[in-house]
Trainee: 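Dumping the structure here so I can ask a few things about it.
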Amino acid sequence: MIPLVDVKAQYAPLIPELKERFSDVLESGRFIFGPEVEAFEREAAAYLGVPHAIGVANGTDALVLSLEAMGIGRGDEVICPSFTFFATAEAIARVGATPVFADIDPVTLNLDPDDVAARITERTRAIMPVHLFGRPAPLAELAALGLPLLEDAAQAFGADGIATTGVCSTFSFFPTKNLFALGDGGLVASTDDEVADTVRRLRFHGSRDKKTFELVGANSRLDAIQAAALRVFLPHLAGWNQSRREGAARYAALGLGEVVELPLDEPGHVYHMFVVRTPERDRLAAALGEAGVSCAAYYSTPVHLQPAMRSLGWEPGSLPETERAAAENLALPLWGGITEEVQERVVAAVTASGSVPVV
Ligand SMILES: Cc1ncc(COP(=O)(O)O)c(C=O)c1O
């Protein structure tokens with residue numbers, strides 16, 4: 001079976017180096033915070049071009065802590081996409097605020113700034129764009145709407161032009177992400193000194209010194225072992241992202257676009273997922289499964305129609321482009337280092353299914 005993403009193929013050549021770094025952590029006896037985490041935070045901040053990077057336990061906590069540090073809570077509204085992973089809107093609800101869903105641009109699958117503008121009210125406190133599937137959201141257009149941005153960059157470490165516009169930008173290091181840990185991990189990048197300081201306190205029970213607790217926070221830390229792995233991987237990220245971009249170009253060169261609609265390429269896109277569209281998605285998915293090619297719909301039920309969001313009152317049909325994308329998208333195998341031979345087999349299986357592109 002061809003996997004959707006082969007994480008092990010990416011890290012296998014680095015296992016000797018990982019073992020050495022883990023051995024250093026074992027020798028140090030420091031597993032929580034400490035020099036590995038601090039060094040990773042410095043390296044991540046430099047990579048992203050931001051003044052602050054704060055390691056946390058996962059990408060969901062990164063969103064919750066950022067919202068709290070930005071002072072967002074009960075009675076506030078935050079505009080976000082519905083065509084995203086559930087955690088984007090869940091984080092808004094977790095801090096007591098209301099997620100207000102805006103529709104997406106059907107070509108980029110990212111937030112449509114015009115639809116966002118139409119949903120701004122006097123209660124709107126922030127806009128939360130998602131750099132979906134590794135494609136940068138239209139940050140300049142969204143920033144021009146005059147509200148603070150919180151970038152959900154869980155899927156886009158290394159994408160061009162991200163993380164320097166938002167007050168905070170959040171990352172997930174779930175093992176399938178472009179930059180990944182060997183377990184859970186996350187990061188808040190921030191352009192704002194005060195907000196960053198608050199995130200730093202919130203991730204450790206609202207305390208700077210473990211003695212005085214100034215805020216009600218959380219226990220949300222990045223482990224030294226994960227930071228050590230992330231430090232091994234970070235120097236390889238640009239190469240992995242380049243390989244993903246080459247894989248996407250190769251799918252086009254192999255003629256995949258004659259059978260399904262391909263994602264529009266852009267220089268900054270880092271292809272966390274390679275997501276195609278076809279009105280016959282379910283038939284294609286079944287045919288690929290039989291042909292031994294993994295694929296997955298991201299996301300087949302948009303967030304506004306999930307049971308947990310029912311109390312917000314969104315009806316089917318309220319976000320047409322989001323709902324159409326949810327019915328037509330299909331992620332095909334792609335990872336840093338994917339081979340031409342694997343991609344040829346994927347294209348052959350898609351072609352054999354007889355799917356037709358979206359018109
Ligand atoms: C867009 C988006 N936001 C948030 C998250 C949450 O990250 P985590 O799983 O690390 O909590 C993810 C990934 O899972 C994601 O894809």
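Start at 1 and go down the list; that is how both ligands and their atoms are numbered.
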Trainee: Taking the ring of Y251 and the ring of Y271, is the distance between their centroids below 6.0 Å?
Mentor: no

Trainee: Suppose we screen for side-chain contact (heavy atoms from CB on, under 4.5 Å). Which residues come up paired with S294, at least two apart in sequence or across chains?
Mentor: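 Applying side-chain contact (heavy atoms from CB on, under 4.5 Å) to S294 gives M1, L4.
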
Trainee: For ligand 1, which of its N or O atoms have a protein N or O partner closer than 3.5 Å, and how long is each gap?
Mentor:
unit_1: ligand 1; atom_1: 3 (N); unit_2: D152; atom_2: OD1; d: 3.2
unit_1: ligand 1; atom_1: 3 (N); unit_2: D152; atom_2: OD2; d: 2.8
unit_1: ligand 1; atom_1: 7 (O); unit_2: S172; atom_2: OG; d: 3.4
unit_1: ligand 1; atom_1: 10 (O); unit_2: G59; atom_2: N; d: 2.8
unit_1: ligand 1; atom_1: 10 (O); unit_2: S172; atom_2: OG; d: 2.7
unit_1: ligand 1; atom_1: 11 (O); unit_2: G59; atom_2: N; d: 3.3
unit_1: ligand 1; atom_1: 11 (O); unit_2: T60; atom_2: N; d: 2.8
unit_1: ligand 1; atom_1: 11 (O); unit_2: T60; atom_2: OG1; d: 2.5
unit_1: ligand 1; atom_1: 14 (O); unit_2: K177; atom_2: NZ; d: 3.2
unit_1: ligand 1; atom_1: 16 (O); unit_2: Q155; atom_2: NE2; d: 2.9

Trainee: Report the residues that fulfil salt bridge (Lys or Arg N to Asp or Glu O under 4.0 Å) with E36, sequence neighbours left out, ordered by chain and then residue number.
Mentor: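 Only R231 meet the salt bridge (Lys or Arg N to Asp or Glu O under 4.0 Å) criterion with E36.
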
Trainee: Side-chain donor-acceptor pair under 3.5 Å between E323 and H304, yes or no?
Mentor: yes

Trainee: Donor-acceptor pairs are to be reported for all side-chain atoms of residues 124-144 against protein atoms at under 3.5 Å, with residues two or more places apart or in another chain.
Mentor:
unit_1: T124; atom_1: OG1; unit_2: T121; atom_2: N; d: 2.8
unit_1: T124; atom_1: OG1; unit_2: T121; atom_2: O; d: 3.2
unit_1: R125; atom_1: NH1; unit_2: G71; atom_2: O; d: 3.4
unit_1: R125; atom_1: NH1; unit_2: D76; atom_2: OD2; d: 3.1
unit_1: H131; atom_1: ND1; unit_2: A137; atom_2: N; d: 2.8
unit_1: H131; atom_1: NE2; unit_2: E151; atom_2: OE1; d: 2.9
unit_1: R135; atom_1: NE; unit_2: T108; atom_2: O; d: 3.3
unit_1: R135; atom_1: NH1; unit_2: L264; atom_2: O; d: 3.0
unit_1: R135; atom_1: NH1; unit_2: E266; atom_2: OE2; d: 2.6
unit_1: R135; atom_1: NH2; unit_2: L264; atom_2: O; d: 2.4

Trainee: Verify the cluster assignment for L149 and V64: are they in a single hydrophobic cluster under the rule of side-chain heavy atoms below 4.5 Å apart?
Mentor: no

